Amino acid sequence: MPPSQPEFRLFNTMTRSVEPFAPTDGDTVRIYSCGPTVYNPAHLGNFRTFLFADLMRRALRLRGWKVRQVMNLTDVDDKIIRRAQEQGKTIREVTEPVTKVFHEDRAYLRIEPAEVYPKATDYIPQMIVLVERLIARGVAYQAEDNSVYFAIDRFPGYGRLSRLDTREVRSGARVAQDDYSKENAQDFALWKSAKPEDEASGAAWDSPWGRGRPGWHLECSAMAIDLLGETLDIHCGGIDLIFPHHEDEIAQSEAATGATFSRFWCHGAFLLTDGSKMAKRLGNVTTVQGMREAQISAAAVRHFVFNTHYRKELNLSEEALEASMNAVRRVGDFADRLATATGGTTELAVAADSAVAEVEAALFDDLNAPNALAGLFTFITRANAELDKRGSDTESLERARAAFARINGVLDIVPERQIDDPELAAWVEERLAGRRAARERRDFGEADRIRAELAERGITIEDTSAGTKWKRSR
RNA sequence: GGUGCGGUAGCCAAGUGGUAAGGCAGCGGUCUGCAAAACCGCUAUUCGCGAGUUCGAUUCUCGCCCGCACCUCCA
């Protein structure tokens, strides 16, 4: 990399340290991020992780690299089968509508689409090949129940990512006794033999080991290798996936290919609600749909999430969310002002340049979004002060616009414009005309009465030199 | 029991071996008919507690207290 290019640093869970990062080929960053299990709409906790991946891909692109991101959709697993059984449906009938909702929610939060969203059920042949390779290498075995397991004691590196040695795993508090038979309690299933409910819900495929379905970990390895190659640049996901999911992915991938599965492992911390983990099984979830109904803008959600570093737990509270809603309003007002301004000052350009430098430095330093936000807000204050001077330098204004666009291109926190409601607009304009007339004849009592009337309908007005502006307050 | 993270102003939250970013809220001022928005100023002598290292610690070390998460399928 040319010395002029800034260094990009990322925390690597494998080494537990922040390391310089660059894509293997110097051009395109190949990312695999663990996506949702589509049996239920994802909640905001899930989306914090997806927002983290969004931040990462945008920051990498800001740095000048291309990104090829693969996010899997797990469309076959225990919970999906159970759901299908409960509802008398096939797994596909369960997963398709949920996948649709996922993308709607994703789009609402302005999470850029990944380049590929592979579904596990579309990669069964690749998974079977992977299992065959593992059996050929002697690290996997078929048990009495026809399921195929990975023997973790035949993979020396097992436990490196999670830093759990196998002895500790063994004495762990929760060693599940599941319905499958295996040699060692810690061995994990690569291929699960089909049960009646699997067949009934369309979750069974032919394989050299009989009818069955893939294990969860296997899906990711097979799809990642197929779509991105044997060594990924970055593999990311929620912190809870470190063990066992990512540990198992490493084991089966590296045992099969002999290559390092991923150069970087990046994990996002949890979103808590009322001090404890947000989880479907705890019933304390906030959905994106719920936030839309509460008229919480995507911009506010993004601000809320990015205001805390991705490796630190974040507690969802109404107060914090409200602070973000207010903060983002300031950003939106500034965006409007930049768009309608006619000129700036030399100082404006100076502020723009330093803002870009500051924000980039923050983002390239292990995705420090809180610092990037600080840089943006500092810029907004400085730029507003300069714009107050009503300068006429169009070049510096353009510089400021470009800087803002560049920064917001990553954070994306300008609130959406209110949906146009022609009827409401006409009504408001009518009131404003009346108020203008009242003000002209200095009948301020009437003017204030109209303002209060508008406020009751949630309309905030602002008298400017260019006339009266109005907007919905929420 | 093991592993890991965190405790910074009313709230959210960065950060550094050299004396505390940013946001929200609040207060005072400018502007405004009054507001709103914007701007200016103020708001932690202090970073969970105790000890140690150091010329100097919120930042390093040790101990303690509190909170959270992970330890087989949960982002």
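As the structure is a prediction and not an experimental result, all values here were calculated from the model.
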Ignoring hydrogens and angles, does a donor from either the side chain of [X] or the base of [N] sit under 3.5 Å from an acceptor on the other?
X	N	value
A:Arg451	B:rA35	yes
A:Asp463	B:rC34	yes
A:Asn371	B:rG22	no
A:Lys312	B:rC5	no
A:Arg439	B:rG33	yes

Roughly how many Å is it from [atom1] in [X] to [atom2] in [N], rounded to a whole number?
X	N	atom1	atom2	answer
A:Lys79	B:rA75	NZ	P	6 Å
A:Asp336	B:rA36	CG	P	19 Å
A:His246	B:rA75	NE2	P	11 Å
A:Glu453	B:rA35	CD	C1'	17 Å
A:Asn384	B:rG23	CG	P	12 Å
A:Ile459	B:rA37	CD1	C1'	16 Å
A:Arg48	B:rA75	CZ	C1'	10 Å
A:Asp365	B:rA21	CG	C1'	14 Å

Go through [options] for me and flag the one nearest to the [X] side chain.
X	options	result
A:Thr381	B:rG33, B:rA37, B:rG23	B:rG23
A:Ser276	B:rG33, B:rA75, B:rC68	B:rC68
A:Ala320	B:rC12, B:rC68, B:rC70	B:rC12
A:Glu313	B:rA69, B:rG23, B:rA14	B:rA69
A:Glu462	B:rA38, B:rA37, B:rA75	B:rA37
A:Ala385	B:rC34, B:rA75, B:rC39	B:rC39
A:Asn326	B:rC24, B:rG22, B:rA75	B:rC24
A:Asp448	B:rG23, B:rA75, B:rC34	B:rC34
A:Asp388	B:rA37, B:rA75, B:rC39	B:rC39
A:Ala447	B:rA75, B:rG33, B:rC71	B:rG33

Is any side-chain nitrogen or oxygen of A:Asn46 closer than 4.0 Å to OP1 or OP2 of B:rC74? no

Flag, side chain of [X] to backbone of [Y], donor-acceptor distance under 3.5 Å:
X	Y	result
A:Arg160	A:Met14	no
A:Asp198	A:Lys195	yes
A:Asn146	A:Trp209	no
A:Ser354	A:Ala351	yes

When the P atoms of B:rC24 and B:rG48 are compared, how many Å lie between them, rounded to an integer? 25 Å

Can you list, pair by pair, the side-chain donor-acceptor contacts under 3.5 Å of residues 407-414 of chain A, counting residues two or more places apart and other chains?
residue  : atom : partner  : partner atom : Å
A:Asp412 : OD1  : A:Arg110 : NH1          : 3.1
A:Asp412 : OD2  : A:Arg58  : NH1          : 3.3
A:Asp412 : OD2  : A:Arg58  : NH2          : 3.2

Could you check A:Tyr158 against A:Phe150 for ring-ring contact (aromatic ring centres under 6.0 Å, His included), going step by step and ending with a plain yes or no? CA-CA 11 Å; A:Tyr158 195 80; A:Phe150 185 94; 7.2 Å; no

B:rG22 base stacked by A:Phe377? Criteria: ring centres under 5.5 Å, plane angle under 30°. no

Would you mind pulling out the nucleotide paired to B:rG4, Watson-Crick or G-U wobble, both distances under 3.5 Å? B:rC68

Along RNA chain B (nearest heavy atom to each residue), the more 5'-positioned of A:Ser324 and A:Phe304: A:Phe304

Count the heavy atoms of every other residue, nucleotide or ligand shown that sit under 6.0 Å from CZ of A:Arg449, and state whether that count exceeds 12. yes

